[in-house]
Amino acid sequence: MPALNPVRGTRDILPDENRRRRFVEHVAFDHASRYGFGEISTPVFEFTEVFARTLGDSSDIVTKEMYTFADRGGDSITLRPENTAGVARAFISNGLTQHVPLKLFYRGPMFRYERPQKGRYRQFHQVGVELIGVAGPLADAEVIALGADVLAALGLSDRVTLQLNSLGDGESRVAYRDVLVDYLRSHRQSLSEESLIRLERNPLRVLDSKDEGDRKVVAGAPQITDSLNSASRAFFDTLTGFLERAEVAYRVNPRLVRGLDYYCHTAFEFTTDALGAQGAVLAGGRYDGLVKQMGGPPTAGTGWAAGVERLMMLVDDVGRAARPLAVVPQSDDQVSDAWSIAQRLRCAGFVVDLGYSGNLGKRMKRANKSDARACIILGEDEIARGVVTTRDMDTGEQQEVMLKDIEDHLGRYR
RNA sequence: GCGGGAGUAGCUCAGCUGGUUAGAGCACCUGGUUGUGGUCCAGGGGGUCGCGGGUUCAAAUCCCGUCUCUCGCCCCA
């Protein structure tokens, strides 16, 4: 049935898997709340310009990975490939520039036209945070510590490492870029074809090339740390001091870079080797130039995004769904009474399932399949006497209970 | 966008040097048990062998194309 398959790179998430997804999202938001973040929801599509302008014309996301189309009114629309640009747009659109510092959490689907792989889909989900309007390193520390907390709460502490780097301020980055380009040019005969292109368009990217020849060249390359001016160095030192004080373990990786212009100072990634090539599970950095680039006032910002599907694959077990009580009529003759009892119990806050058809045995089977904690059995006999029979599905123990007392009696199964 | 591997029942897979009616386990349904689930026993349903084309007397099996998944590259969450 090829016509009935979901579109490549998309998939259906069934109830069991959605419990994992909700668990991940819930843990993320729960911890974000503790840091004072509130949830923002922005549209899943924006004017193409929102992404084109902020992500940079040369980035892969913009040049070949966006779902872009003209709507019926002729506007160019793009399904969001990430949400930082959307949040920045909302920040400006809603006049929030006067309400900084602003701490925003988000979650939801993102869209990128990429080759699907393990943990990589064309429609995927992210959770993320943006802390807008704080220029100092305490904001970076908070955001990183929050990321570490979320991963810890998901039970992943021993499977991820935090890699940290500083790109410095604009002055430092320009200085480093010059030094780096000089060095790379002098070794251009050893660089891969890819890297020669990057050298012209986005030289920092050469640093995280996986090509063996490139790596040798990069190993001897000047490090950004040496190009940081004193202000940038102080920023980074203060940040690492905060992280140490909060006991957030990190490893400085001078090759961790961000290609886009609006990034500065902090860049970080929590990575794992448990997902093959998809190593990054939660990554972010500081983007002081973004809001201004979008047409807003100069505004500092720092944040991260995490791939929900990747996290879902890493978390072990989220426990089973709530076990229901099953109201089981002996036959169709007792269905109306069963229905009343079920509604009464639901009203009282119980999780209640029903057996829909068949004889008592069939309905019991269904109750068992739904993992029922207990059954409320209702026969002709019981109705006549104003009682029900309850059966504990784990012990098999049964007893008769007055109909009016069932809520009390079942309280222990709540 | 580029390269490797794989697609057989709802799931995991066997069958593949071409040869009767394509199998197993799990799952599902029915009965044993018409007032009692799980376990057990007996039986049953379910497959255009991803799709299209080619070779052949004969194709799940060989060849080509295509789609999807998967691993890697690129990039990224």
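So you know, we letter chains A, B, ... as the sequences are listed, proteins then strands, and number each from 1.
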Contact nearer the 5' end of RNA chain B, comparing A:Gly307 with A:Arg8: A:Arg8

Whole-Å distance separating the CZ atom of A:Arg122 from the P atom of B:U70: 12 Å

Sequence-distant partners of A:Glu25, side-chain hydrogen bond (donor to acceptor under 3.5 Å, both in side chains), two or more places apart: A:Arg21, A:Arg107

Ring pair (Phe, Tyr, Trp, His ring centres under 6.0 Å) partners of A:Tyr67, counting only residues at least two apart: A:Tyr113

B:A9 versus B:C28 - spacing of their C1' atoms, nearest Å: 11 Å

Touch class at under 4.0 angstrom, heavy-atom based, for A:Phe270 against every strand present: nothing

Paired nucleotide for B:G7 [Watson-Crick or G-U wobble; both distances under 3.5 Å]: B:C67

Whole-angstrom distance between B:A22 and B:G5, as gauged at atom P: 30 Å

B:C13: pairing nucleotide in any strand, Watson-Crick or G-U under 3.5 angstrom: B:G23

Sugar-phosphate, base or nothing in reach of A:Glu309, heavy atoms under 4.0 Å: nothing

Under 3.5 Å on both distances, the Watson-Crick or G-U partner of B:G38: none

Sugar-phosphate only, base, or nothing, as touched by A:Gly9 at under 4.0 Å among non-hydrogen atoms: sugar-phosphate

Atom-to-atom span, CD of A:Glu130 to P of B:A77 - whole angstrom: 11 Å

Pair of N/O donor and acceptor under 3.5 Å linking B:C75 base with A:Arg120 side chain: yes

Criterion salt bridge (charged side-chain N to carboxylate O under 4.0 Å, His left out) on A:Arg120 and A:Glu309, from CA distance to verdict: CA-CA 8 Å; A:Arg120 167 184 296 187; A:Glu309 280 78 3; over 6 Å; no

Nucleotides 2-13 of chain B: protein proximity per nucleotide (B base, S sugar-phosphate only, - neither; heavy atom, under 4.0 Å): BB----------

Euclidean distance for P, B:A6 against B:A14 (whole angstrom): 11 Å

4.5 Å side-chain heavy-atom contact, A:Arg159 and A:Leu314: yes

Contact state string [nucleotides 34-42 of chain B, B base, S sugar-phosphate only, - no protein heavy atom under 4.0 Å]: -BBBB----

Those residues that, when tested against A:Gln123, pass side-chain hydrogen bond (donor to acceptor under 3.5 Å, both in side chains) (two or more places apart): none

Watson-Crick or G-U counterpart of B:C73, or none if no pair lies under 3.5 Å: B:G1

For A:Tyr35, all residues meeting ring pair (Phe, Tyr, Trp, His ring centres under 6.0 Å), sequence neighbours excluded: none

Qualifying residues under side-chain hydrogen bond (donor to acceptor under 3.5 Å, both in side chains), relative to A:Arg122, sequence neighbours excluded: none

Pair partner, B:G45 [Watson-Crick or wobble, under 3.5 Å]: none

Donor-acceptor pair present, A:Arg112 side chain and B:A77 base, under 3.5 Å: yes

Pairwise P distance for B:U20 and B:A59, with rounding to whole Å: 11 Å

Span that lies between the P atom of B:G23 and that of B:U48, in whole angstrom: 15 Å

For atom CZ of A:Arg215 and atom P of B:C73, their distance in whole Å: 11 Å

No-hydrogen, no-angle side-chain donor-acceptor test under 3.5 Å, A:Gln398 and A:Thr390: no

Ring-face cation of A:Arg414 near A:Phe350 (centre distance under 6.0 Å, axis angle within 45°): yes

Protein-nucleotide distance (A:Phe124, atom CZ; B:A77, atom P), rounded to Å: 8 Å

Ring pair (Phe, Tyr, Trp, His ring centres under 6.0 Å) partners of residues 166-190 of chain A, not counting sequence neighbours, each pair once: A:Tyr183-A:His187

Table please: side-chain donor-acceptor pairs of residues 128-138 of chain A below 3.5 Å, with sequence neighbours left out.
residue	atom	partner	partner atom	Å
A:Glu130	OE1	A:Tyr287	OH	2.5
A:Glu130	OE2	A:Thr84	OG1	2.8

Separation of the P atoms in B:U17 and B:A27, to the nearest angstrom: 33 Å

P atoms of B:C62 and B:G15, separation to the nearest Å: 12 Å

Interatomic distance, A:Leu256 CG vs B:A77 P [rounded to whole Å]: 11 Å

Whole angstrom value for the distance that separates P of B:U70 from CE of A:Met313: 9 Å

For atom NZ of A:Lys118 and atom C1' of B:C76, their distance in whole Å: 17 Å

Touch class at under 4.0 angstrom, heavy-atom based, for A:Ala283 against every strand present: sugar-phosphate

B:G43 and B:G25, which share atom name P, separated by this distance in whole Å: 12 Å

